[in-house]
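Below, read A as the first sequence line, B as the second, and so on, with proteins coming before strands; counting in each chain starts at 1.
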Amino acid sequence: MRASELFMPTLKEDPADAEAVSHKLLVRGGFIRQFAAGIYMFLPLGWRVMERINDIIREEMNAIGAQELSMPTLHPAEVWKATGRYDAIGSEMFRLKDRNARDMVLAMTHEEAFAWLASRELRSYRELPQIWYQIQIKFRDEPRAKGGILRVREFLMKDSYSFDMDAEGLDVSYEMHARAYDRIFKRCGLTFYRVESDPGMMGGATAHEYMAPTPAGEDKVALCAGCGYAANVELAVSVAQAPEPYEEGTIPSDVVEVPTPECRTIDEVSQFLGVPPSSLIKSLLMMADGNKPVLALVRGDHELHEAKLVRHLKSDTRPAHPDEVIDALGVEVGFVGPVNLSDDIRVIADDSLRPGGVGGERPYVTGANKAHTHLCGVIVGRDFSPEFADLREARSGDTCLRCGAALSVEQVLEIGNIFKLGTKYSKPLKATVLDESGTERPIVMGSYGIGPARISAAAVEQHYDEKGIVWPKSIAPFDVHIVQIKSEDEVQTKVAQSLHNLLAQEGFTCLWDDRPERPGVKFKDAELIGCPVRLTVGKKAGERVVEVEARAGGERLEVPLERVVAKVSRLWEEAP
RNA sequence: CGGGACGUGGCGCAGCCUGGUAGCGCAUCUGCUUUGGGAGCAGAGGGUCGGAGGUUCAAAUCCUCUCGUCCCGACCA
């Protein structure tokens, strides 16, 4: 492809509204353009990358027997009402009415549509199992789009759905997907983890997320190098480090009220009293469903992970407003504590505070439920008796519950997920088949998603340098970038043209920069766009010599024309 | 939904505080020169300053409202 015929609007400067590396580089490189908040256009280069990713996805999905089809994105609301999600999902779903005032939605995902189709067309166990997939637009009215194409409101997704007779069948479909996903992300050149993920409020089902480590990610995962345990911090279990020792005499072993004027935060109390944060108990008043106050306790140096509390309570929660704290406890935020509370406030403490836990039975400092006052010498189990649960967010330095090795916590971007649905959608939509005995049984489903645009963004986040993108070779927009120094030089044109054709015959896609630009402009663009191999056709073209160089680094070599194909092939093999 | 910031030629920005003829760099167009790392010189075109209302003799500038975009937090089926 000639660059002079390619719509490739590159920019010298970073766009003003970009923060993430992938956002800046993809806009500058002419891959994407923003249309509205969280809505992007894919330009020719960007679309080529997407198509290469989609091709890899298709190959691997087809390899496990999945069948591609295409579903509508505009749905009648009825199916969503049937599964209860029309009401359960809030403003994240785009809703509209057609001309006859019929409720419609833009699909956020396609469980309903696939289950609906299955309910109409699948009759017998003989037709199972099935795996159907599509690569289709999804709409989610994110409260806050961000990071370029990292978090958007309209996006392409490969979603597949498996249909099995029973849980054993689902296990097989699930495993096939897991292996296919491993291959897809590996082929796309990503570093990634498969981690246990929160199956949501439905319980029972299992789910995994595929996560690409990058600081631009929005999730955190806990990883064990010892045994391979890997889980989203939303549910990662771990053993906290023991609390720091406190200085003898700073905390009594019996409960004592101490004045702590204006000391509301852990840091302030810790400094004022001269005790380490890990000797404090952080008391957080949360409101559960029905506005029932719940006091959640974690050690002063720990953070509450709200999703864990939600799972434990089986109820949504939110932090209490300051006036609700006063209503419930009679004291302002900052001096709240678990001792001598009325029975109608449920108190839940993190496992690390168990008397038999990492800290042992030891005195802590807590709020006194009295203004500008804390209690010292509070012993869990003696002075108050909470229920216990895993509430705190796992962090680096914790030890693995399984093997005792140190856990690390990393920032990651979710690039895919796999989920055992069971009969959550097949039952309400009556997707049933007859089994061998003639009994009607709901189909057991799984759903499996991949975000191709997130793969591309993650690839950029993981592979770039100060000059631009360094695409993994499997998903680069072109394999070889031919830079012709002088576009009007006939010898160079002939050489470039013949190299382009020769490499094309060998199966390489080439971008031939024949534009009447100065050399510097072309080099900068080539580096920005990041194709794996660069050829430079310049002043030695007349001597039948060109330069070959890998984008990822290494030497720039002068190569005679007849050896170019071999050299390019070798660099290609070596490219990441 | 809470907090913060920003909207000025295609892109990146200054001007606003202290009201008085709309500016800079890049890009674009023309000509000449240049041609291995985002060229030089000369010239040209292009903006009712996000929108509405208000104050004023006069508003990019001050006030009110509104829309859009970004960042932090909350949310994320």
[X] has a side chain; which of [options] sits nearest to it?
X	options	result
A:Glu92	B:rU69, B:rC76, B:rC13	B:rC76
A:Arg534	B:rC76, B:rG37, B:rU35	B:rG37
A:Lys146	B:rG37, B:rC11, B:rC72	B:rC72
A:Ala16	B:rC13, B:rA77, B:rG38	B:rC13
A:Asp17	B:rC11, B:rC70, B:rG38	B:rC70
A:Phe523	B:rC11, B:rC76, B:rG37	B:rG37
A:Lys12	B:rA27, B:rU69, B:rC75	B:rA27
A:Glu527	B:rG37, B:rA77, B:rG36	B:rG37
A:Pro519	B:rC75, B:rG36, B:rC11	B:rG36
A:Arg140	B:rA77, B:rG37, B:rG38	B:rA77

Closest-nucleotide ordering on RNA chain B, the 5'-leading residue of A:Gly38 and A:Thr10 = A:Thr10
query = Want to settle it: does A:Phe35 or A:Glu234 sit nearer the 5' end of RNA chain B, counting the closest nucleotide to each?
reply = A:Phe35
Have a look at [X] and say if it touches a base, only the backbone sugar-phosphate, or nothing, with a 4.0 Å heavy-atom cut-off.
X	answer
A:Ala145	sugar-phosphate
A:Lys486	sugar-phosphate
A:Glu306	sugar-phosphate
A:Gln34	sugar-phosphate
A:Ala18	nothing
A:Arg144	base
A:Gly147	sugar-phosphate
A:Gln484	nothing

Say you pick atom [atom1] in [N] and the same atom in [M]; how far apart are they, in whole Å?
N	M	atom1	value
B:rC24	B:rA14	C1'	7 Å
B:rU61	B:rU21	C1'	15 Å
B:rU56	B:rG19	C1'	9 Å
B:rG38	B:rG50	P	35 Å
B:rG10	B:rC49	P	13 Å
B:rA59	B:rA74	C1'	39 Å
B:rU48	B:rA22	P	12 Å
B:rG12	B:rU69	P	15 Å

ask   = Is the shortest distance from a Lys or Arg side-chain nitrogen in A:Lys81 or A:Asp103 to a carboxylate oxygen in the other one below 4.0 Å?
value = yes
query = Atom NZ of A:Lys158 and atom CD1 of A:Ile57: how far apart are they, to the nearest 0.5 Å?
reply = 7.0 Å
inquiry  = Nearest 0.5 angstrom please: A:Asp159 CG to A:Tyr448 OH, how far?
reply    =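 Taking CG in A:Asp159 and OH in A:Tyr448, the distance rounds to 12.5 Å.
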Is it true that [X] and [Y] have ring centroids separated by less than 6.0 Å?
X	Y	answer
A:Trp471	A:Phe31	yes
A:Phe185	A:Tyr210	yes
A:Trp132	A:Phe163	yes

[N]: pairing nucleotide in any strand, Watson-Crick or G-U under 3.5 angstrom:
N	result
B:rU61	none
B:rA77	none
B:rU55	none
B:rU69	B:rA5
B:rG31	B:rC41
B:rC24	B:rG12

Face-on cation placement of A:Lys420 at A:Tyr174 ring, 6.0 Å and 45° thresholds = yes
task = Assess A:Arg95 against A:Tyr86: is NZ or CZ under 6.0 Å from the centre of the six-membered ring, and within 45 degrees of the ring's axis?
result =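 Yes, a cation-pi geometry.
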What is the distance, to the nearest angstrom, from the [atom1] atom on [X] to the [atom2] atom on [N]?
X	N	atom1	atom2	value
A:Glu19	B:rA5	CD	C1'	12 Å
A:Asp87	B:rA77	CG	P	18 Å
A:Lys539	B:rG37	NZ	C1'	11 Å
A:Met108	B:rC76	CE	C1'	8 Å
A:Leu421	B:rA77	CG	P	13 Å
A:His23	B:rC11	NE2	P	14 Å
A:Met211	B:rC76	CE	P	14 Å
A:Glu488	B:rU33	CD	C1'	14 Å

Under 3.5 Å donor-acceptor pair, [X] side-chain atoms to [N] base atoms:
X	N	value
A:Gln492	B:rG36	no
A:Arg28	B:rG38	yes
A:Arg556	B:rG37	yes
A:Arg151	B:rC75	yes

query = Between A:Arg518 and B:rA39, is there a side-chain N or O to OP1/OP2 distance below 4.0 Å?
reply = yes
inquiry  = Could you walk me through whether A:Leu69 and A:Phe114 satisfy the side chain to side chain contact (heavy atoms under 4.5 Å, CB included) test, starting with their C-alpha distance in whole Å, then the side-chain angles of each, then the deciding distance to 0.1 Å, before giving a yes or no?
reply    = CA-CA 10 Å; A:Leu69 49 71; A:Phe114 275 84; 3.5 Å; yes
key: Residue from A:Arg518, A:Lys467, A:Arg515 passing salt bridge (Lys or Arg N to Asp or Glu O under 4.0 Å) with A:Asp525   = A:Arg515
